[in-house]
Amino acid sequence: MGRTLVELFYDVVSPYSWLGFEVLCRYQHIWNIDLRFRPAFLGGIMQATGNKPPAMLPKRAEYLLKDIKRMAEYYQVPVQISGDDFQRILGKSTLGAMRFITAIDMTQPRYLEPLSREFWIRFWSQHEDISQPENILAVAGQAGLSSEVAQKQLEMISSSAVKNRLKETTEEAIKYGETKVDPFSSFQSDDKDRELQGQ
């Protein structure tokens, strides 16, 4: 039996995406899957689908806090979440970070996994900003990119090629029926597309 292609659509603003990312990375060889990372923009997905962030839905936020804490402990992923994080998320955009990750995917794909992980660590474990250029460069350094390469990638985030790639990937996630990126994967097996979505 051949390996199954699993595509993970994700945004580093989503703690559920981080949990899914780490589980898939951890077990990809055991599960015999080819894992493909698909950086997308959660803000665009929410706008297109009419979904609302947990901060605007108190009951969902209450459940999400408990659920993420349980899952983080179970999967041993260092997500540190509190009720204050919802306001922090509303006040900052991950668009720049996701464009940077997209630029890396396009030009330096070997750094995609460590870079994505470092963005999650900075945002969800250290509770530090990831929206400003200096913070994006700091994350890139932690992921092992040289300052020269990181600066070049940062300059790419305003290019139409990077913007279009992120937009296309986001639209593809929407096409699959995604509304949250919590985590969302599609996979191909026996010539059929299938989808997995965490709730």
Side-chain angles (χ1 to χ4, degrees), residues 3-43 45-46 51 53-55 57-89 92 94 97-98 100-102 104-105 109-130 138-140 142-144 169-170 173 176-189 194-199:
R3 294 169 70 88
T4 300
L5 172 64
V6 176
E7 298 179 294
L8 176 70
F9 293 85
Y10 68 96
D11 185 324
V12 294
V13 76
S14 168
Y16 280 113
S17 288
W18 189 13
L19 293 164
F21 172 91
E22 294 297 352
V23 169
L24 288 169
C25 288
R26 194 176 297 163
Y27 296 111
Q28 63 182 314
H29 301 295
I30 295 168
W31 292 342
N32 195 33
I33 61 173
D34 285 323
L35 180 56
R36 182 176 177 207
F37 300 120
R38 304 294 306 276
F41 181 51
L42 181 57
I45 292 171
M46 289 203 156
N51 200 354
L57 303 166
K59 286 295 181 188
R60 182 191 288 177
E62 184 180 321
Y63 172 78
L64 188 142
L65 281 172
K66 292 175 188 171
D67 191 46
I68 289 176
K69 286 177 182 178
R70 276 192 303 261
M71 291 180 70
E73 183 178 347
Y74 182 80
Y75 290 113
Q76 299 179 356
V77 177
V79 179
Q80 303 294 324
I81 190 168
S82 71
D84 297 336
D85 287 320
F86 297 123
Q87 290 307 315
R88 182 171 66 98
I89 291 167
K92 300 286 181 185
T94 58
M98 294 313 298
F100 187 82
I101 291 169
T102 299
I104 292 297
D105 186 27
R110 70 183 180 277
Y111 289 106
L112 188 57
E113 180 181 335
L115 179 71
S116 299
R117 183 175 289 115
E118 289 298 332
F119 270 110
W120 272 305
I121 289 170
R122 184 174 180 96
F123 193 75
W124 285 109
S125 292
Q126 300 167 348
H127 297 275
E128 295 182 27
D129 181 70
I130 59 170
V139 171
Q142 285 296 115
T169 304
T170 301
Y176 280 123
E178 182 50 55
T179 58
K180 300 180 293 293
V181 190
D182 298 350
F184 173 75
S185 302
S186 70
F187 64 97
Q188 295 178 339
S189 177
R194 303 183 188 186
E195 300 168 21
L196 300 173
Q197 181 172 346
Q199 297 298 326

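In what follows, residues are counted from 1 in the order of the sequence shown.
A side-chain donor-acceptor contact under 3.5 Å links Asp67 and Tyr16.
When each of Val79, Val139, Val13 is checked for a side chain to side chain contact (heavy atoms under 4.5 Å, CB included) with Phe123, only Val13 meets the rule. Phe21 pairs in a side chain to side chain contact (heavy atoms under 4.5 Å, CB included) with only one of the listed residues (Leu8, Leu35, Val77, Val12), which is Leu8.
In this structure, CG in Leu64 is found 11.5 Å from NZ in Lys66, a value given to the nearest 0.5 Å.
Under the 30°/60° scheme for interplanar angles, the aromatic rings of Phe100 and Phe119 are found to stand perpendicular.
His127 places no side-chain N or O within donor-acceptor distance of the main-chain N or O of Ile81, the cut-off being under 3.5 Å. Arg38 places no side-chain N or O within 3.5 Å of a backbone atom of Glu7 that could act as its donor or acceptor partner. In terms of modelled atom types and a separation under 3.5 Å, the side chain of Asp34 and the main chain of Leu5 share no donor-acceptor contact. No donor-acceptor pair under 3.5 Å is formed between the side chain of Trp18 and the backbone N or O of Trp124. Thr94 places no side-chain N or O within 3.5 Å of a backbone atom of Ala97 that could act as its donor or acceptor partner. Side chain of Arg122 to main chain of Asp129: a donor-acceptor pair is present (N/O by atom type, distance under 3.5 Å, no hydrogens or angles). Panel note: side chain Thr170, backbone Phe41; a donor-acceptor pair is recorded below 3.5 Å.
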Original post:
Step by step, would you call Gln80 with Gln126 a side-chain contact (heavy atoms from CB on, under 4.5 Å)?
Top reply: CA-CA 8 Å; Gln80 303 294 324; Gln126 300 167 348; over 6 Å; no
**OP:** Apply salt bridge (charged side-chain N to carboxylate O under 4.0 Å, His left out) to Glu73 and Lys69, showing your working.
**Re:** CA-CA 6 Å; Glu73 183 178 347; Lys69 286 177 182 178; over 6 Å; no
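A ring-centre distance under 6.0 Å is not found for Phe37 and Phe9.
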